[in-house]
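Below: the structure, in structure tokens.
All values reported here derive from a predicted model rather than from experimental measurement.
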Amino acid sequence: MSDSADVGAGAAGFGDAGSAGSDGTNPGGANSDGFRHEYFDDFERDHPNIFASKLALLKTAITLDGIRDTGYTVSVGAGTGSYEAALEKEGVTVNRIVEPSPDLAAQARHRGFNVTEAYAQDVAFDDESIDTVFYNGSAFGFIDEDTLRAVFRAHYRQLKHGGVIALLDVPPASALGLAVQASFLIEGESYIGSVLRSSWYADRVPRKEYWRTTEWYRNLLEESGFSRFGTWQTLLRHPIYQNDAPEPVVNGYQEGSYVALVARK
């Protein structure tokens with residue numbers, strides 16, 4: 001990771017509105033959590049270039065822009081496993097998925113993945129047994145601060161020396177992040193709603209509770225022992241143009257509607 005991709009210190013609020021698996025506090029029976037695989041399948045089918053841009057960001061983050069093998073890799077809040085399946089087609093193996101939503105976990109299993117249907121804070125891995133752990137979406141935005149701090153500290157113990165943790169999400173001040181948040185306050189049809197239909201998931205997807213900035217997550221990771229931070233971003237166009245063509249992945253975190261924060265043990 002280059003120094004130019006480093007994230008400064010600070011604190012504020014972050015997240016998206018549920019773009020991947022959930023990690024709330026109310027486990028229930030099948031489909032009780034509000035997540036449906038169709039929400040994600042339909043969006044990804046109809047928005048292939050957004051999917052491609054986000055996949056490129058994910059691969060860049062977990063390989064540190066191609067300079068490392070990912071080793072034993074765990075995806076937390078993977079949803080249906082669609083990104084993990086796409087990674088495997090590009091030669092990156094995901095060894096285990098942690099996904100609490102029964103409906104989404106079932107789809108990931110259908111894709112052939114080893115899936116643990118549980119909340120991140122409830123899954124125990126041996127110390128120094130993982131090379132890479134990533135959250136591709138909003139799972140950490142469903143977790144309160146105290147629990148998330150404990151989860152990050154557990155990941156620090158579970159990762160091998162030099163291991164990577166990657167958090168990918170929509171920053172709250174990005175164009176897409178602002179549009180998603182504004183949509184929560186609007187009833188009925190609106191221009192914001194039409195914009196989101198071109199660049200976002202169905203409005204029926206459960207809303208993430210915690211919106212936090214990249215700096216906020218960096219601080220919490222640093223408190224947990226992580227260092228050597230880096231960031232990459234994509235989806236820099238206005239939301240209505242984001243599916244026109246795949247967008248490049250570039251260093252930084254202050255412009256894109258999708259950002260990866262990476263740290264190492």
Side-chain angles (χ1 to χ4, degrees), residues 1-10 12 14-16 19-20 47-71 73-78 82-84 86-87 89-92 94 131-141 152 155 159 162-178 199 211-222 226-239 241-265:
M1 288 169 286
S2 65
D3 291 339
S4 64
D6 189 59
V7 185
F14 177 89
D16 63 44
S19 64
H47 301 80
N49 290 324
I50 291 177
F51 183 89
S53 298
K54 295 169 69 174
L55 176 64
L57 180 66
L58 173 59
K59 185 177 180 182
T60 298
I62 62 178
T63 65
L64 302 183
D65 202 13
I67 69 170
R68 70 182 291 266
D69 294 327
T70 54
T73 300
V74 176
S75 173
V76 182
S82 57
Y83 284 90
E84 291 72 13
L87 281 175
K89 290 180 180 178
E90 299 196 8
V92 178
V94 176
D131 296 287
T132 305
V133 59
F134 69 84
Y135 290 71
N136 182 36
S138 61
F140 45 84
F152 285 171
H155 286 327
L159 283 166
V164 164
I165 183 170
L167 309 179
L168 290 86
D169 216 338
V170 177
S174 68
L176 182 57
L178 289 172
S199 58
W211 289 76
R212 302 161 176 145
T213 64
T214 305
E215 292 95 340
W216 190 95
Y217 284 108
R218 181 199 187 280
N219 288 342
L220 198 62
L221 287 170
E222 191 169 35
F226 289 97
S227 59
R228 290 182 283 173
F229 294 91
T231 54
W232 288 275
Q233 59 191 331
T234 191
L235 299 180
L236 276 67
R237 298 190 189 106
H238 295 323
Y241 307 119
Q242 288 176 355
N243 195 47
D244 287 355
E247 295 193 46
V249 175
V250 298
N251 283 334
Y253 67 100
Q254 297 178 336
E255 299 171 89
S257 282
Y258 208 55
V259 166
L261 170 64
V262 176
R264 303 190 74 174
K265 177 175 177 178

Shortest non-hydrogen contact between Pro248 and Thr234, atoms and distance: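 Minimum heavy-atom contact is O-OG1, 3.0 Å.
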Do [X] side-chain atoms and [Y] backbone N/O form a donor-acceptor pair below 3.5 Å?
X: Arg68; Y: Ile62; value: yes
X: Glu247; Y: Arg237; value: yes
X: Gln233; Y: Glu255; value: yes
X: Ser53; Y: Leu235; value: no

Say you draw a straight line from [atom1] of [X] to [atom2] of [Y]; how long is it, rounded to the nearest 0.5 Å?
X: Ser199; Y: Gln242; atom1: OG; atom2: CD; result: 5.5 Å
X: Leu221; Y: Phe229; atom1: CG; atom2: CZ; result: 5.5 Å
X: Thr132; Y: Leu159; atom1: OG1; atom2: CG; result: 7.5 Å

With the side chain counted from C-beta on, respond yes when [X] and [Y] share a heavy-atom pair under 4.5 Å apart, and no when they do not.
X: Thr73; Y: Leu87; value: no
X: Pro48; Y: Asn243; value: yes
X: Val259; Y: Tyr217; value: no
X: Thr63; Y: Thr70; value: yes
X: Phe140; Y: Val76; value: no

Asp244 atom CG, over 12 foreign heavy atoms within 6.0 Å: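 For Asp244, atom CG is crowded (more than 12 foreign heavy atoms under 6.0 Å).
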Positive for side-chain contact (heavy atoms from CB on, under 4.5 Å) with Trp232, one of Leu64, Leu261, Val250: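 That would be Leu64.
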